2 protein chains.
Amino acid sequence: MEADETDLDRHPHPHLAVDVALLTLHERALHALLLRRDAAPFAGAASLPGGFVHIDESLPDAVVRVLREKCGLHGVFVEQLFTFGDVGRDPRGRVVTVAYYALVPVAALAAARATGELTLCRLDVPWPQTQGGPVRALDANGKPLRLAFDHDVILGTTVQRLRGKIDYAPVGFELLPPQFTLLDLLEVHQAVLGCPINKDSFRRRLLASGLLAPTGRLRANVAHRPAALFRFRRKGRGKGHA
Amino acid sequence: MEADETDLDRHPHPHLAVDVALLTLHERALHALLLRRDAAPFAGAASLPGGFVHIDESLPDAVVRVLREKCGLHGVFVEQLFTFGDVGRDPRGRVVTVAYYALVPVAALAAARATGELTLCRLDVPWPQTQGGPVRALDANGKPLRLAFDHDVILGTTVQRLRGKIDYAPVGFELLPPQFTLLDLLEVHQAVLGCPINKDSFRRRLLASGLLAPTGRLRANVAHRPAALFRFRRKGRGKGHA
DNA sequence: AAAATAGTGTCTATGAGACACTATAGT
DNA sequence: ACTATAGTGTCTCATAGACACTATTTT
């Protein structure tokens, strides 16, 4: 950062955007909220909601604006993911995008999906464990959608990040309604990790984590013993490092 | 990303830079390679090596160029850290920076430090565990240096990332020469984590990890039983998820 | 009562911490 | 021989998986 601003403005510099991989849980599977592009490039393809960063707007502010304007959402969990800056990633010119991911309970999307060309698309993760790589988004018939730009990679990076994080950070709760059972939470973890989880030790681990606050209420209208409903307790006791 | 480029160029857009937190291990402590700023703003303060991203250059390419031009380094371990975009972070105007961190063995810096105003500064991490926050850089007398921009936060984020990563990813090796003993590696981990580590289980864990290749050679010129020298074996067998 | 899931108690396997003991270099 | 660190073997403790058993709701 040696040159001053007057020097800089003589040269063209990259455009800066934010894109949001908005994930939720639907029918026990990860879904992404995508929108259908009308204009070129990638007309007809699906893309993440995104937008250019204004000159007087922080990156999180830009994300909040995009979520409000394009999805009608507010107050959702958002975290920075990665910045994608390959020279050829946008055929219109040089656009570097700071990708964020957002997690919401599917119920919060009811209003958003009614508005415009937003679609909830099931994700098909073609790699195991924490390996990584691009991810497919499927339409209602289970056929892979064409994804604009490098958005398949951004979605893949999101899943990879979630898989690495869910075991030690309280992110699973963001995909659930305020009250949920232990089985609900287990199914979130299974959907994210893409593999079955031991039920017994999951129960013990989560109950011991201090992240669950009992509500005293039970799940209603089930044809068997009802499960206890919990609430997410922010600020679990800091787990010291071994 | 709805508007096309001709629309965009009518509006001023943020400048884009990369900054590199280059860390190494020296005297059993984490050090950062900083350079002294001559010009305003923050004249006289220490800053991370960095530079603006050219229009036809990817982000990793920009980092490689910065490391070469400003530090005389090449072939070092580099990873993207986080993107910092607060509106007021650069008094000259709107500059968003994609921060990277680099890890090098201290021996690789001999040439770099001779060139120009680069200084190796000991880091003082004022927070425990993986808590996070800004970090201080100390001069040769142990006094805190003034750090330019938000570079104290970038350095803090780097330490936080390393602490979270060193237990399951092979990053410690990047701070060591090609051949090293188990005690060398343990001291790297202790410097990064900022707390003592159990020697016995560290040995067992690392030997079982498949990341160490025995060289058959021994550390020479020590006044006690010499330790075996190991080499880092890339691509340890993938550890399956539980 | 039957079906189905919730929740408890206990045994076992694995990995980390602790520590005693042996090994091998320089002085 | 002495000192200092390298390296081995074993005991204990904490946690995860496995599984048997009990509990509680609707039909």
Side-chain angles (χ1 to χ4, degrees), chain A residues 28 129-130 163 166-169 172 176-177 179-190 192-231 236-242, chain B residues 28 129-130 163 166-169 172 176-177 179-190 192-231 236-242:
Chain A
R28 297 185 181 175
Q129 319 292 344
T130 54
R163 286 189 176 179
I166 197 168
D167 276 338
Y168 70 92
L176 289 173
Q179 299 197 9
F180 52 86
T181 68
L182 273 168
L183 184 57
D184 293 335
L185 187 57
L186 180 121
E187 284 172 349
V188 168
H189 282 239
Q190 288 186 152
V192 168
L193 295 172
C195 65
I197 294 175
N198 184 283
K199 221 169 167 175
D200 298 316
S201 74
F202 183 80
R203 164 182 293 276
R204 262 178 309 182
R205 189 158 47 94
L206 266 290
L207 288 177
S209 73
L211 292 170
L212 297 178
T215 63
R217 302 182 53 197
L218 301 176
R219 170 77 83 213
N221 300 323
V222 284
H224 50 79
R225 175 173 176 178
L229 286 168
F230 292 90
R231 197 185 297 273
R237 17 190 160 293
K239 326 172 189 179
H241 194 283
Chain B
R28 297 183 182 178
Q129 317 293 344
T130 53
R163 285 189 176 180
I166 197 168
D167 276 338
Y168 70 92
L176 288 173
Q179 298 197 9
F180 52 86
T181 68
L182 273 168
L183 185 57
D184 292 335
L185 187 57
L186 179 120
E187 284 171 350
V188 169
H189 281 238
Q190 287 185 152
V192 168
L193 295 172
C195 64
I197 293 175
N198 184 283
K199 223 168 166 177
D200 299 318
S201 75
F202 183 80
R203 164 182 294 275
R204 262 178 308 182
R205 188 157 48 94
L206 266 291
L207 287 178
S209 72
L211 292 170
L212 298 178
T215 63
R217 301 182 54 196
L218 301 176
R219 170 76 81 213
N221 301 323
V222 283
H224 51 77
R225 175 172 175 179
L229 286 167
F230 293 89
R231 197 185 298 274
R237 18 191 159 292
K239 326 172 190 179
H241 193 283

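Each chain gets a letter, A, B and so on, in the order the sequences are listed, and its residues count up from 1. Bear in mind that the values here come from a model prediction, so they are computed numbers and not experimental data.
Taking only side-chain nitrogens and oxygens, K199(A) never comes nearer than 4.0 Å to OP1 or OP2 of dA16(D). Contact check, N221(B) against dG26(C): no side-chain N or O comes under 4.0 Å of OP1 or OP2.
Spacing between atom CG of L206(B) and atom C1' of dG15(C) amounts to 14 Å, rounded to whole angstrom units. Computed from coordinates, the E187(A) CD to dT5(C) C1' distance equals 12 Å when rounded to whole Å. Distance, R203(A) CZ to dT22(D) P: 18 Å, rounded to whole Å. Spacing between atom CG of D167(A) and atom P of dA16(D) amounts to 10 Å, rounded to whole angstrom units. Residue D184(A) contributes atom CG, which lies 13 Å from atom C1' of dT5(C) at whole-angstrom precision. Rounded to whole Å, atom P of dT26(D) lies 10 Å from atom CG of L218(A). Rounded to an integer number of Å, the gap from D200(B) CG to dC19(C) P is 10 Å. Between the CG atom of L183(A) and the P atom of dT24(D) there is a distance of 19 Å, rounded to whole Å.
Annotation: of the two residues near DNA chain C, A223(A) and T181(A), the 5′-most nearest-nucleotide partner is A223(A). For H224(B) and F230(B), each mapped to the nucleotide of DNA chain D holding its nearest heavy atom, the one lying further toward the 5' end belongs to H224(B).
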Inset, instruction - Show the numbers, then the answer: is there a side chain to side chain contact (heavy atoms under 4.5 Å, CB included) between N198(A) and R205(A)? - result: CA-CA 11 Å; N198(A) 184 283; R205(A) 189 158 47 94; over 6 Å; no
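On a pure distance criterion of 3.5 Å, no polar donor-acceptor pair joins the side chain of R225(B) and the base of dA25(C).
Side-chain contact check for F230(A) versus L176(A): every heavy-atom pair is 4.5 Å or farther apart.
For R204(B), taking side-chain heavy atoms from C-beta onward, the closest of the listed nucleotides dA18(C), dA23(C), dA16(D) is dA18(C).
Under the rule for a ring pair (Phe, Tyr, Trp, His ring centres under 6.0 Å), the partners of F180(A) that lie at least two apart in sequence or sit in another chain are F173(A).
Counting non-hydrogen atoms under 4.0 angstrom, A228(A) reaches the backbone sugars and phosphates but no base.
Nearest heavy-atom pair, R163(B) versus V192(B), reported as atom, atom and distance to 0.1 Å: NE-O, 2.8 Å.
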If you look only at distance, which donor and acceptor atoms sit under 3.5 Å apart when one is on a side chain in residues 182-189 of chain B and the other is two or more places apart or in another chain?
{"unit_1": "D184(B)", "atom_1": "OD2", "unit_2": "T181(B)", "atom_2": "N", "d": "3.0"}
{"unit_1": "D184(B)", "atom_1": "OD2", "unit_2": "T181(B)", "atom_2": "OG1", "d": "3.2"}
{"unit_1": "D184(B)", "atom_1": "OD2", "unit_2": "R219(B)", "atom_2": "NH2", "d": "2.5"}
{"unit_1": "E187(B)", "atom_1": "OE2", "unit_2": "R28(B)", "atom_2": "NE", "d": "3.2"}
{"unit_1": "E187(B)", "atom_1": "OE2", "unit_2": "R28(B)", "atom_2": "NH2", "d": "3.2"}

